[in-house]
A.B. asks: 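The structure under discussion is supplied below as structure tokens; questions concerning it will follow.
This chain uses plain numbering: 1 for the first residue, then up along the sequence.
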Amino acid sequence: GRINALLKMIQVLDTTSKLGERDIFLSRQPALLEGFSFNRINPFDSVLTAPVTTVIQKSTIDVLIPAIVPGLNFRPLDQYPFCQFIVTVACIPDFVWSTNGYKDAADVMTTVIHSTQWLSVRSQLKEQKIQLVLPETSASLNCTIVVGIGIQYGMVSASGSVEPVRFGSAKILAARALL
């Protein structure tokens, strides 16, 4: 719902199309997406206060997660003993109105996901560099590269493995037009 509200505000920026047929051109102002938090109650920046940096190149994206010191720059939810970082990169096309409605973005959207190993929320962690490679098909698209990061929490199940729980935090780190 929160991302739909953001996209609606971007859609209103199209002042040349008729009402009900406005386009959503993410590629014209991709920075409007940066910093968007998917969580109101437990925002990503309140859990990890150190900045996560992103370098976007034509075919690779580097995400640098800083060294983590619980209590200093890392304040996870106390009730969960484990967490993992999930980095997602998506190539999202502009949503353009046609006589048949909006083009279905699922047909052309490219997504790459990387998850770290499960980590104890009480352990200090060294800086981590995650490099994601976009498939070649995305390089030929007129789209916006959106890089997101999330913290997923986990608990030990009856079988002894760490299983994810429903709660976490996530935000959009960066967005760049790929034309």
A.B. asks: Between F36 and F38, is the ring centroid distance below 6.0 Å?
C.D. replies: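 That pair passes the under 6.0 Å test.
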A.B. asks: The test is side chain to side chain contact (heavy atoms under 4.5 Å, CB included); show your working for D23 and R28 and say whether it passes.
C.D. replies: CA-CA 11 Å; D23 299 322; R28 290 186 183 167; over 6 Å; no
A.B. asks: Do M9 and L33 belong to the same hydrophobic cluster, where Ile, Leu, Val, Met, Phe, Trp and Tyr are linked whenever their side-chain heavy atoms lie under 4.5 Å apart, directly or via other members?
C.D. replies: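 Yes, because M9 and L33 connect within a single hydrophobic cluster, where side-chain heavy atoms sit under 4.5 Å apart.
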A.B. asks: Indicate the atoms forming the closest heavy-atom contact of T116 with Q128, along with that distance.
C.D. replies: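 That closest heavy-atom pairing would be CG2-OE1, 3.5 Å.
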A.B. asks: Quick check: closest heavy atoms across P30 and A175, and the distance to 0.1 Å?
C.D. replies: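 So the minimum-distance heavy-atom pair works out to O-CB, 3.2 Å.
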A.B. asks: What's the shortest heavy-atom distance between R22 and Q11, and which atoms?
C.D. replies: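 Between these two residues, the closest heavy atoms are O-NE2, 3.2 Å.
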A.B. asks: Under 3.5 Å, is there a donor-acceptor pair between the side chain of Y153 and the main chain of L77?
C.D. replies: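 Yes; judged by distance alone, with no hydrogens or angles, the pair exists.
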A.B. asks: Side-chain heavy atoms nearer than 4.5 Å, only ILVMFWY residues, links allowed to pass through others: does that put I151 and M155 together?
C.D. replies: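 Both belong to a single hydrophobic cluster.
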A.B. asks: Can you tell me if S161 and E163 form a side-chain donor-acceptor pair at under 3.5 Å?
C.D. replies: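 The answer is yes; a qualifying pair exists.
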A.B. asks: If I compare all heavy atoms of A177 with all of S27, which pair ends up nearest, and what's the gap?
C.D. replies: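 Shortest heavy-atom contact: CB-O, 3.4 Å.
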A.B. asks: Any chance the side chains of N39 and S169 put a donor and an acceptor closer than 3.5 Å?
C.D. replies: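 The criterion, which ignores hydrogens and geometry beyond distance, is not satisfied for S169 and N39.
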A.B. asks: Can you name the nearest heavy-atom pair linking R122 to D78, along with the distance?
C.D. replies: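 Residues R122 and D78, closest heavy atoms: NH2-O, 3.9 Å.
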A.B. asks: Could you pull out the closest heavy-atom pair between L32 and L6, with the gap in Å?
C.D. replies: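 Closest approach of L32 to L6: O-CD1, 4.2 Å.
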A.B. asks: Could you tell me the separation between the CZ atom of F25 and the OG atom of S17, rounded to the nearest 0.5 Å?
C.D. replies: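 Rounded to the nearest 0.5 Å, the CZ-OG separation comes out at 6.5 Å.
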A.B. asks: Consider only side-chain heavy atoms of I, L, V, M, F, W and Y, link residues closer than 4.5 Å, and tell whether W118 and L125 are in one cluster.
C.D. replies: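 W118 and L125: separate clusters.
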A.B. asks: Apply side chain to side chain contact (heavy atoms under 4.5 Å, CB included) to the pair I86 and I113, showing each step before the final yes or no.
C.D. replies: CA-CA 7 Å; I86 300 173; I113 300 171; 3.8 Å; yes
A.B. asks: Can you measure from OG (S120) to CZ (F82) and round to the nearest 0.5 angstrom?
C.D. replies: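 Taking OG in S120 and CZ in F82, the distance rounds to 6.0 Å.
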A.B. asks: Given side chain to side chain contact (heavy atoms under 4.5 Å, CB included), test V147 with T88 step by step and report yes or no.
C.D. replies: CA-CA 6 Å; V147 182; T88 304; over 6 Å; no
A.B. asks: Which residue is it: T60, I56, I145? I am looking for the one with a side chain to side chain contact (heavy atoms under 4.5 Å, CB included) to V89.
C.D. replies: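 Only one of T60, I56, I145 forms a side chain to side chain contact (heavy atoms under 4.5 Å, CB included) with V89, namely I145.
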A.B. asks: Compare all side-chain heavy atoms of L13 with those of Q29 and state whether any distance is below 4.5 angstrom.
C.D. replies: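 Result yes, sub-4.5 Å side-chain heavy-atom pair found.
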A.B. asks: To the closest 0.5 Å, what do you measure between OG (S59) and CG (L132)?
C.D. replies: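 Those atoms lie 11.5 Å apart.
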A.B. asks: Within the supplied structure, the quantity of interest is the number of heavy atoms (other residues, nucleotides, ligands) at a distance under 6.0 Å from Q79 CD; does it exceed 12?
C.D. replies: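 Counting neighbours around CD of Q79, more than 12 heavy atoms of other residues, nucleotides or ligands fall under 6.0 Å, so yes.
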A.B. asks: Can you measure from CG (L173) to CD (E34) and round to the nearest 0.5 angstrom?
C.D. replies: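 Result: 9.0 Å between the selected atoms.
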A.B. asks: Carefully, step by step, assess D62 and T54 under the rule side chain to side chain contact (heavy atoms under 4.5 Å, CB included).
C.D. replies: CA-CA 6 Å; D62 294 334; T54 306; over 6 Å; no
A.B. asks: Would you be so kind as to tabulate the donor-acceptor pairs closer than 3.5 Å made by side chains of residues 43-53, with sequence neighbours excluded?
C.D. replies:
from : atom 1 : to   : atom 2 : distance (Å)
D45  : OD1    : K171 : NZ     : 2.9
D45  : OD2    : K171 : NZ     : 3.2
S46  : OG     : P43  : O      : 2.8
T49  : OG1    : N73  : O      : 3.4

A.B. asks: Quick one: do I68 and I149 end up in the same hydrophobic cluster if we chain Ile, Leu, Val, Met, Phe, Trp and Tyr together by side-chain heavy atoms under 4.5 Å apart?
C.D. replies: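 Same hydrophobic cluster.
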A.B. asks: Could you state the interatomic distance from CG (D94) to OG1 (T144), rounded to the nearest 0.5 Å?
C.D. replies: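 The distance works out to 5.5 Å.
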A.B. asks: Is there a path of hydrophobic side-chain contacts, each under 4.5 Å between heavy atoms of I, L, V, M, F, W or Y residues, that connects F74 with V87?
C.D. replies: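 Linked, F74 and V87 end up in one cluster.
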